[in-house]
Amino acid sequence: MTARLVVLVSGSGTNLQALLDACADPAYGAEVVAVGADRGDIEGLSRAERVGVPTFVLKVGDFATREAWDAALAESVAAYEPDLVVLAGFMKLVGSAFLTRHGGRVVNTHPALSPSFPGMHGPADALEYGVKVTGATLFVVDPGVDTGQIVAQTVVPVEDDDTVESLHERIKVAERAMLVDAVGRMAREGFVVTGRRVRIG
Ligand code: GAR
């Protein structure tokens with residue numbers, strides 16, 4: 001059985017591309033059935049369109065309230081009957097309607113080693129703090145900011161001459177490999193969450 005993935009993006013979509021490339025091999029065990037975004041005109045949507053994957057865009061500003069946007073997003077995702085929802089560079093927090101509908105099978109990738117440096121500026125905050133290693137974390141989304149149970153992590157060094165951009169690019173290379181590996185194993189083997197711990201298979 002092939003797991004159905006809905007991927008949500010806000011930007012360049014290189015993590016999405018890594019998943020699309022992996023899904024081209026039937027042995028990977030997953031297919032991207034739709035890609036959603038909170039804004040139009042982004043490379044992430046173009047990547048999906050180029051390979052014929054359906055897309056949808058829901059902008060917060062087009063809704064009367066944040067809650068209405070969140071409920072509409074939950075509905076749009078549900079229409080594709082996903083086994084797993086992957087937030088891959090999705091720069092919005094999903095809310096209670098979304099998590100009521102999809103909670104437990106939503107994962108997000110964050111460019112830092114949780115629980116350090118949650119939020120929108122993981123690479124910059126790590127560089128500012130002066131850590132010598134950082135990385136990326138795949139986690140099961142909960143109502144907090146990057147607080148959910150950890151599925152996988154990958155470590156990269158911080159170099160003396162790093163800028164935020166060079167560090168984030170190094171993180172993203174490792175992040176894509178981690179994401180493809182973990183999502184594939186989750187799709188093929190399933191996963192169990194017990195307290196804070198996630199076990200694949
Ligand atoms: C990734 O590094 C991802 O972890 C980060 O945005 C980048 C998206 O890259 N996400 C967040 O910071 C979420 N708070 P991509 O669009 O090339 O996949």
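Whatever order the structure lists them in is the order used to number ligands and atoms, beginning at 1. What you see is a predicted model, and the numbers here were worked out from it, not measured in a lab. One-based numbering along the sequence shown.
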Apply side chain to side chain donor-acceptor pair (under 3.5 Å) to residues Ser10 and Asp38 and explain how you reach the verdict.
CA-CA 6 Å; Ser10 298; Asp38 63 327; 2.8 Å; yes
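Inter-residue side-chain proximity for Ile150 and Val198 is flagged as unmet; no heavy-atom pair is nearer than 4.5 Å. Taking the side chain as every heavy atom from C-beta outward, Leu16 and Leu20 approach each other to under 4.5 Å. Counting heavy atoms from C-beta on, the side chains of Arg176 and Asn15 come closer than 4.5 Å. Considering only heavy atoms from C-beta on, Arg185 stays 4.5 Å or farther from Phe191 through its side chain.
Using a 4.0 Å cut-off to heavy atoms of Glu175, the atoms of ligand 1 that qualify are 1 (C), 2 (O), 3 (C), 4 (O). Taking every non-hydrogen atom of Thr109 and a distance limit under 4.0 Å, the qualifying atoms of ligand 1 come out as 3 (C), 4 (O), 10 (N). Counting atoms of ligand 1 from 1 in the listed order, those under 4.0 Å from a heavy atom of Ser12 are 15 (P), 16 (O), 17 (O).
Partners of Glu31 according to the side-chain hydrogen bond (donor to acceptor under 3.5 Å, both in side chains) rule, which considers only residues two or more places apart in sequence or in another chain, do not exist here.
Relative to atom 7 (C) of ligand 1, the option among Glu43, His168, Gln17 with the closest non-hydrogen atom is His168. Distances from atom 8 (C) of ligand 1 to the heavy atoms of Pro118, Gly89, Pro123, Ala136 put Gly89 nearest.
Atom 11 (C) of ligand 1 has its closest protein heavy atom at Met91 CE, 3.4 Å. Ranking the protein heavy atoms by distance from atom 9 (O) of ligand 1 puts Lys172 NZ, 3.1 Å first. Atom 5 (C) of ligand 1 has Pro111 CD, 3.8 Å as its closest protein atom, hydrogens excluded (heavy atom only).
The aromatic rings of His110 and Phe139 lie perpendicular to each other, with more than 60° between the two planes, well past the 30° mark.
Considering backbone and side-chain N/O of Asn108, none are found under 3.5 Å from N/O of ligand 1. The shortest N or O to N or O distance between Gly13 and ligand 1 is below 3.5 Å.
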